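A short worksheet on the structure shown next.
Numbers restart at 1 for each chain; the letters A, B, ... are given by sequence-line order, proteins then strands. Not measured: the values here are computed from a predicted model.
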Number of protein chains: 2
Amino acid sequence: MPKLVDHEERRAHIIDALLRSAASSGLHSVTMRSVAVEADVSVRLVQYYFDTKEQLLLAAMTRLATRMGERVQQRVRTTGAATDPRGIIEAVLLEAVPTDEESRAFHLIYTEYAVLSVTDPALGGRPFLAAPDEMEAFLAAHLTAAQEAGTADPHLDPRQEAVLLLAVSAGLGLSVLLDQRTAEDATAVLHYHLSRVFPG
Amino acid sequence: MPKLVDHEERRAHIIDALLRSAASSGLHSVTMRSVAVEADVSVRLVQYYFDTKEQLLLAAMTRLATRMGERVQQRVRTTGAATDPRGIIEAVLLEAVPTDEESRAFHLIYTEYAVLSVTDPALGGRPFLAAPDEMEAFLAAHLTAAQEAGTADPHLDPRQEAVLLLAVSAGLGLSVLLDQRTAEDATAVLHYHLSRVFPG
DNA sequence: GCTTTGATGGTATGGTTGTACCACAAAAAC
DNA sequence: GTTTTTGTGGTACAACCATACCATCAAAGC
């Protein structure tokens with residue numbers, strides 16, 4: 001063999017090019033050529049590492065889903081009080097609100113994939129089904145913990161409240177993406193509601 | 001002149017074909033040809049009534065936005081108690097949760113347009129900016145009315161609460177579209193939260 | 001009765017897209 | 001030192017798309 005190339009690294013490089021390309025002009029305008037140009041490789045190489053466009057899109061979606069998990073986890077970690085239920089819940093939900101350009105691009109592509117997966121059977125949106133399910137259980141568990149610790153309103157139904165929080169987070173995030181609201185407004189509304197769930 | 005055709009009717013017929021086509025295989029897969037086939041006319045006719053594809057897509061978006069307004073209004077009207085603030089608010093918010101196939105298709109295309117308008121400058125999502133703004137004012141006004149009538153919790157901030165309700169509605173609707181939740185679950189969660197806003 | 005004009009069909013065209021094919025270099029294997 | 005094998009480039013190809021162009025038919029105007 002010649003150059004002895006690290007396949008995973010090359011694949012990551014190309015996927016990143018795809019994400020950059022999608023961020024600027026939309027997932028629908030991504031082509032083999034545009035990805036190749038952005039990655040500064042030949043179209044042939046993109047084919048070489050991802051046989052078909054469908055597989056490339058699929059790989060990018062998987063990477064996106066992974067990064068989403070990492071993002072949430074890192075949010076929780078960097079939030080000082082790593083054991084305070086309210087802090088954790090707040091961190092998780094705030095992740096859905098895009099603040100800087102990078103985060104905005106990330107959530108835009110994620111949303112584009114989610115919507116696309118509804119009609120495109122090849123994408124079969126597995127990440128979009130599993131992730132929110134885990135999230136819901138996660139939130140419900142921490143809400144229960146908070147209730148037992150006395151910081152959350154004991155009258156709340158943790159399970160319904162978790163679903164509600166997830167919907168609020170997604171809805172606010174989407175409205176920021178659509179430029180209907182500023183990130184600051186969305187954050188304020190989220191805090192407003194959290195103050196109701198965690199009184200005092 | 002020959003057949004003396006009603007242009008608006010023809011345009012509506014073609015736009016409906018586009019919406020049907022988009023509902024089944026996604027807005028991204030809509031082509032002049034697919035629309036022509038679905039409308040059972042020649043491609044040339046589609047060109048005749050909508051010069052360019054961009055204009056066709058734009059016209060369909062406008063029609064969609066109009067229909068959305070009508071839908072909400074009709075929901076409010078058919079909801080018996082047309083003067084009860086809670087009933088009105090509930091009706092408006094429930095409209096975003098797709099129940100039957102028709103409503104699901106409608107909201108799917110609407111969402112696809114919304115997401116597309118972020119990256120496609122030609123679509124310049126005016127409907128997606130104006131509509132939620134009006135909605136927010138509408139909800140806030142009715143919340144205030146409810147507070148004065150004593151049916152809504154007087155401690156609530158009508159404006160923040162309105163934004164929150166809109167986000168909940170959009171978030172739940174999206175999760176139903178993505179098959180993360182059933183329409184029944186989403187409706188239940190919405191009712192759960194409304195019971196908090198309107199106690200008693 | 002001719003002429004204009006609105007409505008329609010068919011088809012050509014230029015561009016783009018995903019993918020298949022051919023070629024080649026360079027290092028590893030033996 | 002020859003033979004594989006792996007990475008890479010270039011290019012050709014078939015499909016498809018939006019759109020422009022040409023033709024036609026029928027009714028309205030005069």
Residue pairs involving [range] (criterion ring pair (Phe, Tyr, Trp, His ring centres under 6.0 Å); sequence neighbours excluded):
range: residues 6-42 of chain A; result: A:His7-A:Tyr49
range: residues 114-164 of chain B; result: B:Tyr110-B:Phe128, B:Phe138-B:His142
range: residues 176-200 of chain B; result: A:His193-B:His193

TODO: Determine which pairs satisfy salt bridge (Lys or Arg N to Asp or Glu O under 4.0 Å) with at least one residue from residues 167-182 of chain A, sequence neighbours left out, and list them in order.
DONE: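 Matches after skipping sequence neighbours: A:Arg104-A:Asp179, A:Arg181-B:Glu136.
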TODO: Write out all pairs satisfying salt bridge (Lys or Arg N to Asp or Glu O under 4.0 Å) with one or both partners inside residues 20-49 of chain A, taking only residues at least two apart or from two chains.
DONE: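 Residue pairs with at least one partner in residues 20-49 of chain A: A:Arg20-A:Glu38.
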Task: Side-chain N,O (A:Tyr49) to OP1/OP2 (D:dG7) below 4.0 Å - done: no
TODO: Verify the contact: side-chain N or O of B:His7 to OP1 or OP2 of C:dG6, cut-off strictly under 4.0 Å; return yes or no.
DONE: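 The answer is no; no side-chain N or O of B:His7 sits under 4.0 Å from OP1 or OP2.
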TODO: Could you tell me which residues satisfy ring-ring contact (aromatic ring centres under 6.0 Å, His included) with A:Phe106, sequence neighbours excluded, listed by chain and number?
DONE: none
What integer distance in Å separates [X]:[atom1] from [N]:[atom2]?
X: B:Arg11; N: C:dT8; atom1: CZ; atom2: C1'; answer: 17 Å
X: B:Tyr48; N: C:dT8; atom1: OH; atom2: C1'; answer: 8 Å
X: B:Glu9; N: C:dA7; atom1: CD; atom2: C1'; answer: 14 Å

- [ ] Output the residues of residues 13-26 of chain A in contact with DNA chain D, where contact means a heavy atom of the residue under 4.0 Å from an atom of the strand; sort by number or write none.
- [x]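 None - not one residue of the stretch has a heavy atom sitting under 4.0 Å from the strand.
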Could I get a table of every N or O pair under 3.5 Å where one atom is in the protein and the other is in nucleotides 14-20 of chain C?
residue: C:dG18; atom: OP1; partner: A:Lys53; partner atom: NZ; Å: 2.6
residue: C:dG18; atom: OP2; partner: A:Met32; partner atom: N; Å: 3.0
residue: C:dG18; atom: N7; partner: A:Arg33; partner atom: NH2; Å: 2.7
residue: C:dG18; atom: O6; partner: A:Arg33; partner atom: NH2; Å: 3.1
residue: C:dT19; atom: OP1; partner: A:Thr52; partner atom: OG1; Å: 2.7
residue: C:dT19; atom: OP2; partner: A:Lys53; partner atom: N; Å: 2.8
residue: C:dA20; atom: N7; partner: A:Gln47; partner atom: NE2; Å: 3.1
residue: C:dA20; atom: N6; partner: A:Gln47; partner atom: OE1; Å: 3.1

Open item on the list: Salt bridge or not between A:Asp16 and A:Arg63? Use side-chain N to carboxylate O under 4.0 Å.
Closed with: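 Looking at A:Arg63 together with A:Asp16, the answer is yes, because their closest N to O distance falls below 4.0 Å.
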Open item on the list: Applying a 4.0 Å non-hydrogen cut-off, can you work out what B:Phe50 is touching in the nucleic acid: base, sugar-phosphate, or nothing?
Closed with: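 No contact.
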TODO: Check side-chain contact (heavy atoms from CB on, under 4.5 Å) between A:Glu54 and all other residues, then give those that pass, not counting sequence neighbours.
DONE: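 Scan of A:Glu54 (side-chain contact (heavy atoms from CB on, under 4.5 Å), adjacent residues dropped) gives A:Thr52, A:Ala122.
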